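Below is one structure, written out as structure tokens; comments come after it.
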There are 2 protein chains.
Amino acid sequence: MISDQGTGLLILALHRATHATLGALQAGLADLDLTASEISALANLADGRARSIGELAMDTATKPTTLTSVLDRLVRRGYVVRQLDPADRRSFQVSLTAGGRQAAGSARAAVGDIERAVLATVTSADLAGFHAVTHAIMEVLR
Amino acid sequence: MISDQGTGLLILALHRATHATLGALQAGLADLDLTASEISALANLADGRARSIGELAMDTATKPTTLTSVLDRLVRRGYVVRQLDPADRRSFQVSLTAGGRQAAGSARAAVGDIERAVLATVTSADLAGFHAVTHAIMEVLR
DNA sequence: TATTGTTATACTCTATAACTATA
DNA sequence: TATAGTTATAGAGTATAACAATA
């Protein structure tokens with residue numbers, strides 16, 4: 001049943017779910033000692049595609065200035081590398097190292113574990129609706 | 001179309017949408033000079049119901065220790081009050097002041113503005129699906 | 001001139017552990 | 001003993017503005 005018509009409950013539910021998943025991910029990946037932002041960066045990079053800082057900032061909905069320190073830590077731990085983009089030497093291409101691929105795999109797996117548990121209890125129409133709403137949010141705020 | 005089956009894309013989409021709305025809310029409420037956590041606390045209290053710190057922590061999916069400083073600032077600005085719960089004097093009842101009701105109303109309105117724009121572009125089945133998924137997330141992580 | 005990303009700075013968010021008061 | 005919330009502490013997230021290098 002639909003009970004909110006612009007009351008803000010949709011956004012509050014969104015935020016609650018996000019906070020809850022971030023907390024669970026940090027707990028589930030406690031042995032890797034990763035912060036929420038580090039998990040988010042790794043989970044996004046887990047597809048193996050190299051990205052500029054700006055692209056990664058868009059993917060994680062953060063700002064480049066935030067990513068600087070997140071990436072500094074991931075570089076220090078040997079999980080990612082920054083390589084100058086030959087095509088635009090103002091910009092870096094960020095990619096995973098071999099060790100980083102393993103950590104990113106764990107992050108993506110932990111995210112996937114939560115997701116599978118959720119998918120087991122909703123219909124595919126529900127899932128499609130969820131994606132439609134999050135997509136609409138990004139469009140509205142674009 | 002449904003393209004993810006436990007790949008983690010659902011959770012990544014959730015986090016992106018949250019970050020995007022928090023950024024937009026802070027920008028839209030710039031004249032009130034509120035942080036994301038303050039907006040979240042006010043938006044939750046906007047229904048007028050007094051809550052214990054623990055309840056508010058559950059509503060916002062944060063920890064009581066985080067709320068201490070958030071509430072300190074809101075108290076200092078005259079938006080909320082902490083009153084000892086006579087029924088359990090270890091605990092506080094947090095509620096809005098008159099000024100706080102106004103600020104909370106603005107926060108809830110800003111949240112509602114985004115929500116209405118989103119609702120205008122999705123079906124009610126999509127919305128129901130969204131709620132089913134966020135609810136399932138909270139259940140899975142409970 | 002505009003853009004990419006970093007640096008510097010100043011707050012805010014967050015967790016853990018220790019603590020106080022109450023149950 | 002257990003629970004509600006605060007305090008202390010330390011590290012991480014965030015924004016803004018200034019900056020360097022490149023386009």
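Proteins come first, then strands; the chains are lettered A, B, ... in the order of their sequence lines, and each starts at number 1. Being a predicted model, the structure only gives us computed values, none of them experimental.
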[X] side chain, from C-beta outward: closest of [options]:
X      : options                   : value
T66(B) : dT6(C), dT22(D), dT14(C)  : dT14(C)
R89(A) : dA23(D), dT7(D), dG13(D)  : dA23(D)
S37(A) : dT6(C), dT14(D), dT6(D)   : dT14(D)
F92(B) : dG5(D), dG13(D), dT22(D)  : dG5(D)
R90(A) : dA4(D), dG5(C), dT3(C)    : dT3(C)
T62(B) : dG13(D), dT14(C), dT7(C)  : dT14(C)
P64(B) : dT6(D), dA12(D), dT7(C)   : dT6(D)
I53(A) : dT6(C), dT22(D), dT12(C)  : dT6(C)
K63(A) : dA23(D), dA15(C), dA15(D) : dA15(D)

Go through the N and O atoms of the side chain of T65(B) and the base of dT7(D), and report whether any donor-acceptor pair is under 3.5 Å.
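Check passes, donor-acceptor contact within cut-off.
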Non-hydrogen atoms of E38(B) and D33(B) that approach each other most closely
OE1-O, 4.1 Å
At their closest point, which heavy atom of A41(A) faces which heavy atom of L74(A), and how far apart are they?
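Closest approach of A41(A) to L74(A), heavy atoms only: CB-CD1, 4.1 Å.
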Just N and O in the side chain of [X]: are any of them under 4.0 Å from OP1 or OP2 of [N]?
X      : N       : answer
H19(A) : dC13(C) : no
T35(B) : dT12(C) : no
S69(A) : dA12(D) : no

Please report the distance, rounded to the nearest Å, between CG in L22(B) and P in dC13(C).
11 Å
Within a radius of less than 6.0 Å around CD of E139(B), do more than 12 heavy atoms belonging to other residues, nucleotides or ligands occur?
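Yes, the 6.0 Å shell around CD holds more than 12 heavy atoms from other groups.
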For residues 24-32 of chain B, which side-chain donor-acceptor pairs fall under 3.5 Å, sequence neighbours excluded?
none

